[in-house]
Amino acid sequence: QPHKNCLGYWANPADWASWDFTATEAGTYRVFLTQGCGKGHGGSVAKVLLDKSEIEFTVADTGGFQNWLRRDLGTVEIAAAGPARLEVRPVSKAGVAVMDIQKIELVRER
């Protein structure tokens, strides 16, 4: 919905999301995920995949699906500049929905 401005209504744990982009340079990137999750519905497990890197994390209960929390999930490696794909895949669903995602940021570490 336009007022949500996010990837939401993630009720089916078989669903997953991916974003194709062009990496401008290889290297180590810190992954920041801005997520929301309704009161009492946290605890789902998901993973971020990029190239050969994988980060597994537990979804935080933020008190509401649009109560956003920016989380530092760790680092991933991009092997080479060029086409890349970032995926977010649920491992398990603990509540009515996995989470809502407002933003994912990759920040190059120097």
Glu54 CD to Leu49 CG distance, which is reported to the nearest 0.5 Å:
4.5 Å
Are Val59 and Trp68 connected in the hydrophobic side-chain network, where two residues link if heavy atoms are under 4.5 Å apart?
no
Would you indicate whether the side-chain heavy atoms of Val31 and Glu105 approach each other to under 4.5 Å?
no
Looking just at side-chain N and O atoms, do Asp100 and Gln66 make a donor-acceptor pair shorter than 3.5 Å?
yes
Which distance, rounded to the nearest 0.5 Å, do you find between the CD of Gln102 and the SG of Cys6?
7.5 Å
Sort out for me which residue in Asp51, Leu106, Leu50 forms a side-chain contact (heavy atoms from CB on, under 4.5 Å) with Tyr29.
Leu106
Begin with the C-alpha distance, continue with both residues' side-chain angles, and end with the deciding distance and a verdict on side chain to side chain contact (heavy atoms under 4.5 Å, CB included) for Phe32 and Leu73.
CA-CA 6 Å; Phe32 294 97; Leu73 298 183; over 6 Å; no
What's the shortest heavy-atom distance between His41 and Phe65, and which atoms?
CB-CZ, 4.3 Å
Report the distance from atom CZ of Arg30 to atom CD1 of Ile55, rounding to the nearest 0.5 Å.
8.5 Å
Arg70 (side chain) donor-acceptor with Lys103 (main chain) under 3.5 angstrom:
no
Validation row: Asp15, Trp10 side chains within 4.5 angstrom (heavy atoms)
yes
Which pair of heavy atoms, one from Ala79 and one from Ala26, lies closest together, and at what distance?
O-CB, 3.3 Å
Under a 3.5 Å threshold, yes or no: a donor from one side chain and an acceptor from the other, between Thr28 and Glu77?
yes
Work out which heavy atom in Ala81 is nearest to a heavy atom in Thr24; give both atom names and the distance.
CB-O, 3.6 Å
Any link between Trp19 and Val98 through a network of hydrophobic side chains (Ile, Leu, Val, Met, Phe, Trp, Tyr) touching at under 4.5 Å?
yes
Where Ser92 and Ser44 come nearest, the two heavy atoms and their spacing
O-CB, 3.2 Å
What distance separates Asp61 CG from Gln35 CD, expressed to the nearest 0.5 Å?
9.0 Å
Locate the shortest heavy-atom distance separating Cys37 from Ala60; write the atom from each residue and the value.
CB-O, 3.1 Å
Could you grab the distance from atom CE of Met99 to atom CZ of Arg71, nearest 0.5 Å is fine?
8.5 Å
Answer yes or no: is there a side-chain heavy-atom contact under 4.5 Å between Lys4 and Tyr9?
yes
If two hydrophobic side chains count as joined below 4.5 Å and joins carry through other members, does Ile104 share a cluster with Leu69?
no
Separation between CG (Leu33) and CD1 (Ile101), nearest 0.5 Å, reads 5.0 Å
Is there side-chain contact between Glu87 and Trp16, with at least one heavy-atom pair below 4.5 Å?
yes
Minimum heavy-atom distance between Pro13 and Ala11, given as atom pair plus value
CD-O, 3.3 Å
